[in-house]
Each structure stands twice: as C-alpha cells, then as structure tokens.
Amino acid sequence: EYTMSIAINSYCNSNQVDYGFSLLGWFFKLGHVPSATTFSPLLKGLFRANRSDEALELFKKIIGEGLCELNVVLYGVVIDGLCKAGNTARAIELLRVMERRSCMPDTYICSALINGLSKGGMMDSALKLFYEMLEKCITPDVVTYTSLLHGLCNSSRVQDARIVMKEMVACKIYPDVITFNIMIHALCKEGLVDEAEDVVRIMIQNNEVPDRITYNALMEGYCLQSRMDDAMKVFESMASRSIASDIYSYNILINGYCKKKKIDDALLLFHEMSEKGFNPDVTTYNTILQGLFCVSRCSAALELFDEMQVVGQKPNFFTYCNMLDGLCENGHVQQAILLLDTLDNKGLDLHINYYNIVMDGLCKSGRLDTAQVLFKYIPSKGLQPDVVTYTTMIKGYCQGGLLKEAKNFLVNMKQKSCLPN
RNA sequence: AAGGGUUUCAUACAAA
C-alpha cells in the first residue's frame, strides 16, 4: 500500500494523473482499502491539469460512496484547487462545510484561501479571513503572512505590505527569501528600484541569501526605468556571485531592450543565450517579435514567426496578439485580417482579444464600417465583446465624429451587462 | 506515502 501510494503521488506530481488512476485500479484489485492519502494526490493532479470538473466529481463520489474518511489534508487539496481555478466562493463554502462537520481548518487551509483571495483581488475578504483565523487560534506562519503581503503588493498597497512585514517580525515569524522577493518585485514594479536595492541589503543582513529570482526582479526594475546599464550590471553580478542566470533573466533583458527600441542589443542577447545553452522559448520569441514590429521591421518579424515554428516553439495566445497588433500598427491591417482568418480556419481557439486588436487597427485606419462588420461577427464565433471591445469601438466612432453611434455602443454594452470602466 | 506563498511576453481607455 505504501509503495503504491508513493507511485500514485509521483504520477500526479509529474502531470500524469491518468497513470495515477490506472494504479488506483490495481490498488483496488489487490484488495487494498484507499484512504485520504490515496485520493489527495489524485485530486491534486486533476486540479493541476485544469480538470477541476473531474476533480469535483471525484470529490462528490468520495463523499457519496463513502470511499474514504475525509481529513484536513484532502479538504485542503480541494480548497486550494478551487482557489486556483478561480472559484474562491466555492472554496469558502467548503471551508464552512468542513467546519460544520467538525473537521477544523488549519494553517495550510487558511493560507491557501488567503492566497486565492489575494490573487483574485479580494483583499478585504483575505484580511477578514486572516483575522478570523487569529480568533480561532489558528496560527499564521510565514506562508500565511507572505500570501497576504503578496496580495497587498498586487493591489498597489506596498505601504500596507511593509506594515504586514513589520507585524510578522513582531510575532517572531521571519520573512524568508520568497517574502523578500515579493517585496522587491513589488517595489520594482512601482518604479522604486533603489528602494528595492535597500530591501536586498536588508535581506542579506537577515541572513537570507538573494537568489536568481531576486536578481531577475531587480533587473526588471531597472529595465522599467530604462536603466539598461544598471540592469546589465546586475546580470553580470549574478555570474560573479555564482548565481546562474536562467531563461527569465534573458527574457527580461531582451524585453528591456525591445521596449527601448534597441532591437540590435536585444538580438545580441538572443543569440548569446543559445550559445550559453538556453534555448529561446515562446516568450523570448514573442518579445523579439514585438521588438521587431516596434521598429517596423515587419518582414524580419514574419520570418521569425516562421522560424519559431520550425524550431518547434508553438505560437501561443501572446504570439498571435503580437502578430496581429504588429501588422496593424505598421499599416498591414489587411494582412492581420488574413491571419485571423487563418487561425479561424485552422480551428485554433479564437480569443476576443484578437478581434479587439484587429478592430482597433481598422478604426485607426478609418475603416469604421469594416470594424462594425467584425464586431457583429463576434457572437457567431462563440465569443463575447468585453470592455476593451466596446472602448475600442467607442473611441473609433468618437474620433470619426460619429458621436451618436459611439453612444449607441455605450448603451449597448450596458444592456449586455458589460460594465463601462 | 498526501495539502499552502515569489520573477519574464500582448490589445482599448488614461495627461499632451
């Protein structure tokens, strides 16, 4: 039983949950009785593979057929899975259910929930839960505090995050590398890269060793401030501290140069990374594509688009957004429409953003009528216009002097319960 | 033998 449980867990952790289920069949045939320990990894595996429907079905079956006793770990897996699938409301319901069944939530459960709520921008609920756990004498640990701090950072409340950091130290729960990295990253995103450097010094004083994520965050901070030389200095300092750079490091720097329209420096790094044994990934290609279009090197971009597919990097959502936008921005709206048709014909997943981009291109080139045609075509693709779609059309019609039509879109979006922002 | 936290890429609007 031990051996098989270990094997099931291994499969689930390596995204091969179906093999895990085959083992479960064998497990039953041998006459073993499964426990929560058997099912938790399977549930986790399903959630990780974005198969939350199946996970929930299994969970119901476990309860309905009494396949095993539920314990706090199993609840934890399901609650975390629900949060990661964006279903925090249901996760909280489940928290209440387990409480009613007198299975008391622990620090792991609360942290998972606080993390989920924070990621969903529901900071009020996250904080409420945090106080609730204090009342119930569930002790927060470094992960709980870090999740909270991360949420505050993501909602631009870096000052509040600093307070949380002081508070945790006062409770003798000390920030670790991850906590510091989150702070550093947040400061960098706010443009406060010098303050981020201060935090690096503080973490070193506290015997936490900066890792590659720390330095990558710092490099991004300098890039955002257009301080490419400082970014490169950090990059070089990593090597001297024998911290290996990774593909993130390269992608961050390449993006920095692309945003400054220094495509040649970006391409230099692009070639250097291959020499150093880092194969450019989809993100690298997407970034360079954007950089090439930015300086109107359209044919080079189209070549790179082919090249990436030749070397086995499959274009993704970002690739197509970059291609469509790049073509439009350079006056090739017609080609963008062709690409959109190609995606459609290939049966690839279309996305409302693709239409938003092309419609914007059409509006900017004064072809409101065609934009309108595309707009009407959206529902037939099983897609729904979003705020960006409406804003694009409204702006297009306003700038074309057709205020009445613009206003119609505003009324229309409200009727479709798409709220203006 | 099972559960929680960190870094990179895209579209509208946003001052001129």
Side-chain angles (χ1 to χ4, degrees), chain A residues 1-10 12-13 35-44 71-81 83 106-116 118-119 141-150 153 176-186 188 211-220 223 246-256 258 281-290 316-326 328 351-361 363 386-396 420-421:
Chain A
E1 275 182 52
Y2 274 4
T3 320
M4 294 192 78
S5 291
I6 295 169
I8 291 177
N9 189 37
S10 308
C12 295
N13 280 333
S35 64
T37 313
T38 325
F39 284 113
S40 306
L42 291 164
L43 288 163
K44 182 183 59 171
N71 67 9
V72 66
V73 174
L74 195 142
Y75 275 115
V77 171
V78 177
I79 286 179
D80 181 54
C83 286
D106 61 4
T107 309
Y108 277 65
I109 302 249
C110 294
S111 301
L113 275 164
I114 288 176
N115 182 47
S118 297
K119 286 243 168 72
D141 63 7
V142 61
V143 177
T144 322
Y145 275 105
T146 302
S147 302
L148 206 56
L149 187 137
H150 193 198
C153 287
D176 62 11
V177 203
I178 297 183
T179 322
F180 281 116
N181 283 348
I182 290 168
M183 255 338 269
I184 290 162
H185 181 239
C188 287
D211 60 9
R212 80 181 91 191
I213 296 184
T214 319
Y215 291 109
N216 286 345
L218 270 182
M219 291 192 323
E220 199 204 346
C223 287
D246 61 4
I247 191 144
Y248 281 80
S249 322
Y250 278 99
N251 288 347
I252 289 167
L253 288 170
I254 288 173
N255 189 41
C258 285
D281 64 5
V282 204
T283 302
T284 321
Y285 280 101
N286 291 346
T287 308
I288 301 263
L289 276 177
Q290 150 104 344
N316 64 11
F317 170 68
F318 290 99
T319 319
Y320 293 121
C321 285
N322 282 337
M323 288 298 297
L324 292 168
D325 189 50
C328 288
H351 196 286
I352 184 65
N353 287 24
Y354 298 164
Y355 287 90
N356 294 345
I357 293 167
V358 176
M359 280 167 34
D360 186 51
C363 287
D386 64 6
V387 203
V388 177
T389 320
Y390 284 106
T391 313
T392 304
M393 293 303 283
I394 290 172
K395 186 197 175 196
N421 63 14

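Here is the naming used below: chain letters follow the sequence lines, and residue numbers restart at 1 for every chain.
Of the listed nucleotides (B:G5, B:U11, B:U8), B:G5 has the atom at the smallest distance from the side chain of A:Ile182. When the nucleotides B:C9, B:A12, B:U11 are ranked by their closest atom to the side chain of A:Thr283, B:C9 comes out on top. Closest approach to the A:Asp360 side chain among B:A12, B:U6, B:U7 is made by B:A12 (side chain taken as heavy atoms from C-beta onward). If you check B:U7, B:G5, B:U11 against the side chain of A:Asp325, the one that comes closest is B:U11.
The side chain of A:His351 places no N or O atom within less than 4.0 Å of a non-bridging phosphate oxygen (OP1 or OP2) of B:A10.
At the heavy-atom level, A:Ile357 lies under 4.0 Å from the strands shown only through sugar-phosphate atoms. Residue contacts shown for A:Tyr215 are absent, as no nucleic acid heavy atom lies under 4.0 Å away. The residue A:Asp176 sits close to a base: some heavy atom pair falls under 4.0 Å.
Rounded to whole Å, atom C1' of B:A12 lies 12 Å from atom CE of A:Met393. Rounded to whole angstrom, the span from the CD1 atom of A:Ile178 across to the P atom of B:U6 amounts to 7 Å. Distance CG (A:Asp211) to P (B:U7): 12 Å, rounded to an integer number of Å. Distance OH (A:Tyr285) to C1' (B:U8): 16 Å, rounded to an integer number of Å. Here B:G5 presents its P atom at 20 Å from CD1 of A:Ile184, a figure rounded to the nearest Å. Rounded to whole Å, the distance from CD1 on A:Ile352 to P on B:U11 is 16 Å. As rounded to whole Å, 17 Å separates atom C1' of B:G5 from atom CD1 of A:Ile79. In this structure, A:Phe180 places its CZ atom 17 Å from P of B:U7, rounding to the nearest Å.
Partners of A:Tyr355 under the ring-ring contact (aromatic ring centres under 6.0 Å, His included) rule, at least two apart in sequence or in another chain, do not exist in this structure. Not a single ring-ring contact (aromatic ring centres under 6.0 Å, His included) links A:Phe39 to another residue, sequence neighbours left out. In this view, A:Asp80 and A:Lys84 satisfy the salt bridge (Lys or Arg N to Asp or Glu O under 4.0 Å) rule, not counting sequence neighbours. Not counting sequence neighbours, the partners of A:Tyr145 by the ring-ring contact (aromatic ring centres under 6.0 Å, His included) test are A:Phe130.
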Dump every N/O contact between nucleotides 14-16 of chain B and the protein below 3.5 Å, one line per pair.
none

Show each protein N/O and nucleotides 1-4 of chain B N/O combination with a separation under 3.5 Å, one pair to a line.
| from | atom 1 | to | atom 2 | distance (Å) |
| --- | --- | --- | --- | --- |
| B:A2 | N1 | A:Asn71 | ND2 | 2.7 |
| B:A2 | N3 | A:Ser40 | OG | 3.1 |
| B:G3 | OP1 | A:Lys44 | NZ | 3.4 |
| B:G3 | N1 | A:Asp106 | OD2 | 2.8 |
| B:G3 | N2 | A:Asp106 | OD1 | 2.7 |
| B:G3 | N2 | A:Asp106 | OD2 | 3.0 |
| B:G4 | O6 | A:Tyr108 | OH | 3.4 |
| B:G4 | N1 | A:Asp141 | OD1 | 3.4 |
| B:G4 | N1 | A:Asp141 | OD2 | 2.8 |
| B:G4 | N2 | A:Ser111 | OG | 2.3 |
| B:G4 | N2 | A:Asp141 | OD1 | 2.6 |
| B:G4 | N2 | A:Asp141 | OD2 | 3.3 |
| B:G4 | N2 | A:Thr144 | N | 3.4 |
| B:G4 | N2 | A:Thr144 | OG1 | 3.3 |
| B:G4 | N3 | A:Ser111 | OG | 3.3 |

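Within the 3.5 Å criterion, the main-chain N or O of A:Ile109 finds a donor-acceptor partner in the side chain of A:Asp106.
Both geometric conditions, a ring-centre gap below 5.5 Å and a plane tilt below 30°, are fulfilled for A:Tyr248 over the base of B:U7.
Atom-to-atom distance recorded for A:His150:NE2 and A:Ser118:OG is 8.5 Å, nearest 0.5 angstrom. Taking CG of A:Leu113 as the reference point, atom OG1 of A:Thr144 lies at 11.0 Å (rounded to 0.5 Å).
Ring geometry, A:His351 versus A:Phe317: the interplanar angle falls from 30° to 60°, so the pair is classed tilted.
Using a 4.5 Å heavy-atom cutoff, the side chains of A:Arg212 and A:Ser249 are not in contact. For the pair A:Ile357 and A:Cys321, the minimum side-chain heavy-atom distance is below 4.5 Å.
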